[in-house]
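Worksheet for the structure shown next.
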Protein chains: 2
Amino acid sequence: MNPRLYNKAMNANRPYSGLIERLKLKAIRPTRQRLALGKLLFERDGEACNRHVTAEQLHSEAAASGVRVSLATVYNTLHQFTAAGLLREVVVEPGQSMFDTNVDEHHHFYFESSGVLEDIPGHGVELARLPEPPAGSRVKRVDVIIRLA
Amino acid sequence: MNPRLYNKAMNANRPYSGLIERLKLKAIRPTRQRLALGKLLFERDGEACNRHVTAEQLHSEAAASGVRVSLATVYNTLHQFTAAGLLREVVVEPGQSMFDTNVDEHHHFYFESSGVLEDIPGHGVELARLPEPPAGSRVKRVDVIIRLA
DNA sequence: ATACTTGCAAATCGTTTGCAATACC
DNA sequence: GGTATTGCAAACGATTTGCAAGTAT
């Protein structure tokens with residue numbers, strides 16, 4: 001397909017609203033696969049969508065929505081998005097990573113029985129005191145995970 | 001070896017101090033491998049030892065100290081000890097679990113560059129507010145991980 | 001035109017499992 | 001003696017990699 005026409009069409013019915021621009025800003029080429037995955041990640045259920053997916057889940061979703069993407073590409077894309085600050089990787093279980101579309105500072109509930117990860121709404125967690133980071137190190141991130149049974 | 005003599009010898013130079021009894025209390029048979037691993041885990045550097053090891057690390061240590069234990073047994077043992085409340089499993093990285101000999105409530109520093117996990121001393125972390133657990137669930141554990149770069 | 005991306009299949013890594021041989025009580 | 005435990009090697013699931021073919025700028 002002529003790429004110029006392709007992009008025009010994309011903007012016409014705005015199925016990727018700001019996605020193309022967002023990716024370009026991060027020097028990530030807006031390929032068909034990346035746009036499809038980005039759409040699934042960032043543009044589901046309107047604006048306030050914060051999702052927590054595994055690579056396998058996203059791969060299934062893509063397949064379900066008729067997009068053919070290889071699992072390897074899903075992994076590549078998730079990591080690229082994470083490196084670009086569009087996603088955040090959260091580790092709660094040994095053996096698989098979850099990717100969170102909410103990159104603001106926040107914490108999580110983890111339902112051990114179902115494997116579901118969920119943002120803790122608002123300022124539900126307040127850290128009153130944090131220790132000094134050991135000499136020579138700086139705090140990169142503080143993760144609070146409330147494990148539920 | 002005659003088990004009676006074996007146990008007597010064990011107590012004579014106390015290489016397993018209370019370990020045998022601790023295991024028996026949890027209905028875990030004090031086999032040679034479990035005692036060796038338990039010793040490496042709980043009785044290094046005197047009393048105040050809190051260690052954070054992966055299965056592979058413990059397996060290497062065992063080998064280094066001349067004990068022949070299969071990796072499968074190391075995994076079995078770590079999980080049995082964890083189920084018995086002698087260890088706690090901590091997940092900080094996708095792809096491998098760490099086991100913490102400190103089972104009291106406490107939190108962690110994680111040095112991303114080296115992969116080292118370390119207890120935060122004293123009451124370095126204070127959680128001033130925690131959210132209500134969602135209906136139908138109860139808090140099993142709260143993990144705070146301070147990731148350092 | 002060129003460099004970046006993709007898909008596939010194979011490789012890798014941590015972990016688990018099946019089962020015969022062995023150790024504990 | 002009878003059951004639990006061990007070791008080995010094979011199986012496993014998630015993730016990564018190498019490389020030829022396809023795509024974006």
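All of these numbers come straight from a predicted model, not from anything done at the bench. A, B, ... follow the sequence lines: proteins, then strands. Residue 1 opens every chain.
OP1 or OP2 of C:dG7 lies within a sub-4.0 Å distance of a side-chain N or O belonging to A:Thr73. Between A:Arg29 and C:dT2 there is no side-chain polar atom (N or O) within less than 4.0 angstrom of OP1 or OP2. Within the 4.0 Å cut-off from OP1 or OP2 of D:dA24, not a single side-chain nitrogen or oxygen of A:Arg34 is found. Between A:Gln80 and C:dT5 there is no side-chain N or O to OP1 or OP2 distance below 4.0 Å.
Straight-line distance from the CZ atom of B:Arg32 to the C1' atom of D:dA4: 15 Å, rounded to whole Å. Distance CD (A:Gln96) to P (C:dT15): 14 Å, rounded to an integer number of Å. Atom CG in B:Leu71 sits roughly 14 Å away from atom P in C:dC13 (whole-Å rounding). Going from atom NE2 of A:His59 over to atom P of D:dA14 covers 13 Å, rounded to whole Å. One can place CG of A:Leu58 at 15 Å from P of D:dA14, the figure rounded to the nearest angstrom. Atom CD in A:Glu93 sits about 18 Å away from atom P in C:dG14, given to the nearest Å. As a whole-Å value, the separation of B:His79 NE2 from D:dA4 P is 21 Å. Going from atom CD1 of B:Ile28 over to atom P of C:dC25 covers 13 Å, rounded to whole Å.
Between B:His52 and B:Phe109, the distance from one ring center to the other does not fall under 6.0 angstrom.
For A:Val69, counting side-chain heavy atoms from C-beta on, the closest listed nucleotide (D:dC8, D:dT15, C:dG7) is C:dG7. Closest contact between the side chain of A:Asn76 and the listed nucleotides C:dT6, C:dT17, C:dT15 involves C:dT6. Taking only side-chain atoms of B:Thr31, from C-beta outward, the nucleotide of C:dC25, D:dT6, C:dG7 with the closest atom is D:dT6. Checking D:dC8, D:dT16, D:dT25 against every side-chain atom of A:Tyr75, the shortest atom distance belongs to D:dT16.
B:Arg88 pairs with exactly one of B:Asp143, B:Asp104, B:Asp119 by the salt bridge (Lys or Arg N to Asp or Glu O under 4.0 Å) rule, that one being B:Asp143.
Using a 4.5 Å heavy-atom cutoff, the side chains of B:Pro134 and A:Leu148 are in contact. Between A:His79 and A:Phe81 there is no side-chain heavy-atom pair separated by less than 4.5 Å.
If you find the closest nucleotide of DNA chain D to B:Ser70 and to A:Gly95, the one lying nearer the 5' end belongs to B:Ser70. Comparing B:Phe99 and A:Ala27 by the nucleotide of DNA chain C whose heavy atom lies nearest to each, the residue mapping closer to the 5' end is A:Ala27.
Here B:Thr54 lies out of heavy-atom contact (under 4.0 Å) with every strand.
Put simply, CG on A:Asn50 and NE2 on A:His106 are 7.0 Å apart, with the number rounded to the nearest 0.5 Å.
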